[in-house]
Amino acid sequence: MAADNAAKVIDPQTNSSTTRKPLYEGSTQYKSWRYSPEQLEQVRTSLNAAAVAVIRNTFEADEPGSSSDVLFLNANEEQLLVKLYITKIPQLCGHFRFPEEVEATAISYLKRFYLKNTVMDWHPKNVMLTALFLATKTTNNPISLESYTSNIPKTSNSDVLDLEFLVSQSLNFEFAVWHAHRALWGIWLDLQSLPDVSEDLRPHDVYDIAIKHVRASRFTDAELIYTPSQIALASLALASPLLAERWADSKAVAGAAQPLSATLDPTLGAIKYIITQMGHPPDVEAVREVDRRLKVCKNPEKVPGSKAYLARQVAEQRRAEEKRNKKAEDVRRAVTESVNPFGSELNEDEKAKQLAELDDDDD
């Protein structure tokens with residue numbers, strides 16, 4: 001399957017020459033998590049602006065004029081902080097000896113989470129830990145919560161579990177991820193069967209170099225813009241332009257006006273630029289400055305013990321109480337009118353029993 005998926009390097013949106021629908025085109029990743037660079041910028045800028053407006057209003061409601069001196073993070077600074085915690089996932093996976101599938105999936109989850117949320121609401125540290133723990137389950141590499149948290153300093157079970165539903169909800173409960181490292185392996189297997197590619201032309205260190213480029217791509221937005229097989233082929237091209245060209249041309253449609261490698265060159269060039277220029281950890285000092293400012297502009301409603309946090313808790317408790325009271329009133333009305341939710345009448349003994357149970361629940 002990996003080789004078949006890797007063969008679909010041309011974007012399915014423009015590949016009108018084939019009648020077979022690629023499997024990737026039916027995935028939630030293709031439908032929900034692909035953007036143009038402009039769309040990505042717009043999503044993040046809009047999310048950041050909305051968060052700043054909400055937090056500013058919260059500051060002003062608590063103390064008028066208090067937000068005037070606050071230097072809020074912009075979208076690029078948010079991404080810088082997220083990127084730092086993306087780079088920590090491989091370190092943790094190495095410590096736990098998780099397979100590459102877990103690492104790649106957790107990184108994808110973290111990126112996707114911050115297309116729906118902001119670091120000013122949810123700090124990437126705990127989100128990263130939750131995303132990694134969730135990835136162990138969705139990739140069928142489970143670890144007990146106790147074993148997980150006990151091996152991470154200053155981490156409790158609640159640090160992970162409290163955010164698990166929020167992370168899952170932000171992912172739209174779409175947990176399957178298609179990865180470039182799988183596509184690269186498919187391409188590599190294909191190369192072994194090409195008649196014009198001898199063993200001397202494909203030494204194994206070429207694959208080792210290519211997989212390093214795939215891993216570097218995880219520090220970038222490449223997977224949100226391009227298909228896994230495009231990223232895999234670009235990574236191979238960085239390791240061996242000849243092998244990438246031979247493989248691409250072997251997939252060309254008969255009678256094409258030009259070699260497939262020439263058709264793909266602009267796309268692969270853009271991916272190679274992203275990997276080589278952005279596929280590295282961020283500057284630590286720059287991130288520290290962002291994190292320092294985050295302490296000042298973090299949403300007060302998310303800071304335990306703050307006035308805004310306590311006020312929100314009271315409001316949520318009030319809404320929950322109103323919901324319970326409404327439900328209780330609906331049940332009482334149904335009982336007193338001798339009609340249950342299924343439409344059958346209740347006898348006197350059933351009425352008394354339901355009222356007694358309701359009174360017990362209210363206690």
Side-chain angles (χ1 to χ4, degrees), residues 33 40 43-44 47-48 51 72-139 143 145 148-149 151-171 175 177 179 214-224 274-275 278-299 302-303:
W33 301 102
L40 265 183
V43 167
R44 288 167 174 163
L47 188 64
N48 174 266
F72 291 96
L73 303 184
N74 60 39
N76 291 333
E77 290 167 333
E78 288 197 55
Q79 280 307 112
L80 194 65
L81 187 60
V82 172
K83 186 174 183 178
L84 175 68
Y85 285 92
I86 286 175
T87 66
K88 292 184 180 298
I89 290 177
Q91 299 172 19
L92 281 172
C93 287
H95 174 74
F96 285 104
R97 297 185 180 179
F98 290 148
E100 185 149 18
E101 190 75 5
V102 173
E103 176 185 322
T105 300
I107 289 173
S108 294
Y109 287 174
L110 190 61
K111 291 178 184 177
R112 294 178 182 185
F113 178 87
Y114 285 105
L115 293 175
K116 301 289 184 68
N117 301 276
T118 169
V119 303
M120 290 181 283
D121 281 337
W122 309 104
H123 196 285
K125 178 184 177 181
N126 286 352
V127 176
M128 178 269 292
L129 295 176
T130 302
L132 179 54
F133 183 68
L134 185 61
T136 66
K137 295 191 284 186
T138 60
T139 61
I143 181 175
L145 182 62
Y148 182 67
T149 56
N151 280 279
I152 304 174
K154 300 179 180 179
T155 302
S156 65
N157 291 356
S158 62
D159 290 334
V160 176
L161 289 184
D162 287 354
L163 291 176
E164 192 170 47
F165 181 77
L166 174 65
V167 172
S168 299
Q169 189 179 48
S170 299
L171 299 175
F175 300 119
V177 183
H179 295 299
V214 167
R215 290 166 182 157
S217 75
R218 294 177 190 148
F219 298 160
T220 75
D221 287 332
E223 69 179 274
L224 299 171
I274 290 174
I275 292 174
M278 306 172 195
H280 51 76
D283 179 70
V284 175
E285 289 304 317
V287 176
R288 284 178 179 168
E289 173 61 20
V290 171
D291 205 21
R292 184 188 65 77
R293 285 171 48 207
L294 178 59
K295 292 180 173 63
V296 179
C297 63
K298 184 177 176 63
N299 189 344
K302 310 296 184 183
V303 180

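Please read these numbers as outputs of a predicted model, since none were measured by experiment.
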Trainee: Drop me the distance from Lys125's NZ to Leu81's CG, to the nearest 0.5 angstrom.
Mentor: 12.0 Å

Trainee: With sequence neighbours left out, write down each residue that passes side-chain contact (heavy atoms from CB on, under 4.5 Å) with Arg293, or none if nothing qualifies.
Mentor: Leu71, Leu73, Glu77, Glu289

Trainee: Provide the closest heavy-atom pair for Ser156 versus Thr149 in the form atom of the first, atom of the second, distance.
Mentor: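 Scanning both residues, the minimum pair turns out to be O-CG2, 3.7 Å.
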
Trainee: Could I get the full list of side-chain contact (heavy atoms from CB on, under 4.5 Å) partners for Leu80, not counting sequence neighbours?
Mentor: Pro282, Ala286, Val287, Val290

Trainee: Step by step, would you call Ile152 with Phe96 a side-chain contact (heavy atoms from CB on, under 4.5 Å)?
Mentor: CA-CA 10 Å; Ile152 304 174; Phe96 285 104; 4.0 Å; yes

Trainee: Of the non-hydrogen atoms in Glu101 and Val177, which two are nearest, and what is the gap between them?
Mentor: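 Glu101 and Val177 have their closest heavy atoms at OE2-O, 4.4 Å.
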
Trainee: What's the separation between atom CG in Leu84 and atom CE in Met128, rounded to the nearest 0.5 Å?
Mentor: 8.5 Å

Trainee: Side chains of Thr105 and His179: closer than 4.5 Å at any heavy-atom pair?
Mentor: yes

Trainee: The criterion is side chain to side chain donor-acceptor pair (under 3.5 Å); which residues satisfy it with Ser168, sequence neighbours excluded?
Mentor: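 Once residues adjacent in sequence are excluded, Ser168 has no partner under the side chain to side chain donor-acceptor pair (under 3.5 Å) criterion.
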
Trainee: So how far is it from Leu145 CG to Ser158 OG, rounded to the nearest 0.5 Å?
Mentor: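 The OG atom of Ser158 is 9.5 Å from CG of Leu145, to the nearest 0.5 Å.
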
Trainee: Decide salt bridge (charged side-chain N to carboxylate O under 4.0 Å, His left out) for Asp221 and Arg44; before the verdict, give the C-alpha distance in whole Å, the side-chain angles of both, and the deciding distance to 0.1 Å.
Mentor: CA-CA 12 Å; Asp221 287 332; Arg44 288 167 174 163; 2.8 Å; yes

Trainee: Could you work out, with side-chain contact (heavy atoms from CB on, under 4.5 Å) as the rule, every residue matching Asn126, not counting sequence neighbours?
Mentor: Leu129, Asp159, Leu163

Trainee: If the condition is side chain to side chain donor-acceptor pair (under 3.5 Å), which residues does Thr118 pass it with, not counting sequence neighbours?
Mentor: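 Testing Thr118 for side chain to side chain donor-acceptor pair (under 3.5 Å), a comparison that skips the adjacent residues, returns Glu78.
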
Trainee: Do Asp291 and His123 come within less than 4.5 Å of each other through their side chains, counting heavy atoms only?
Mentor: yes

Trainee: Verify, without hydrogens or angle tests, whether Lys111 (side chain) and Lys83 (backbone) share a donor-acceptor contact under 3.5 angstrom.
Mentor: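 Answer holds: no.
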
Trainee: Using modelled atom types only, decide if a donor and an acceptor are shared between the side chain of Thr155 and the backbone of Pro153 within a distance under 3.5 Å.
Mentor: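 Checked: pair present.
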
Trainee: Nearest 0.5 Å, what's the NZ-CZ distance between Lys298 and Phe72?
Mentor: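 If we round to the nearest 0.5 Å, Lys298:NZ and Phe72:CZ are 13.0 Å apart.
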
Trainee: Decide yes or no for Thr138 and Tyr109: does some side-chain heavy atom of the first lie under 4.5 Å from some side-chain heavy atom of the second?
Mentor: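 Thr138 reaches Tyr109 side chain to side chain.
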
Trainee: Please determine whether a side-chain nitrogen of the Lys or Arg among Arg215 and Glu103 lies less than 4.0 Å from a carboxylate oxygen of the Asp or Glu.
Mentor: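 Glu103 and Arg215: not salt-bridged.
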
Trainee: With sequence neighbours excluded, tell me which residues meet side-chain contact (heavy atoms from CB on, under 4.5 Å) with Ala106.
Mentor: Ile89, Leu132, Ala135

Trainee: Can we say Glu223 and Arg112 salt-bridge, meaning some charged N sits less than 4.0 Å from an Asp/Glu carboxylate O?
Mentor: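 No.
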
Trainee: So how far is it from Thr130 OG1 to Leu161 CG, rounded to the nearest 0.5 Å?
Mentor: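 If we round to the nearest 0.5 Å, Thr130:OG1 and Leu161:CG are 8.0 Å apart.
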
Trainee: Which word best sums up how the rings of Phe133 and Tyr148 line up, parallel for under 30°, tilted for 30 to 60°, or perpendicular for over 60°?
Mentor: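 The arrangement is tilted - the two ring planes meet at 30° to 60°.
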
Trainee: Find the distance between CG (Asp121) and CG (Leu166) and round it off to the nearest 0.5 Å.
Mentor: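 Result: 9.5 Å between the selected atoms.
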
Trainee: Kindly indicate whether the side chain of Glu164, heavy atoms from C-beta on, has any atom under 4.5 Å from the side chain of Leu134.
Mentor: yes

Trainee: Are side-chain heavy atoms of Leu224 and Leu115 found at a separation under 4.5 Å?
Mentor: yes

Trainee: Does a side-chain heavy-atom distance below 4.5 Å link Phe98 with Leu92?
Mentor: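 No, side chains not in contact.
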
Trainee: List the steps and the verdict of side-chain contact (heavy atoms from CB on, under 4.5 Å) for Tyr85 and Val127.
Mentor: CA-CA 9 Å; Tyr85 285 92; Val127 176; over 6 Å; no

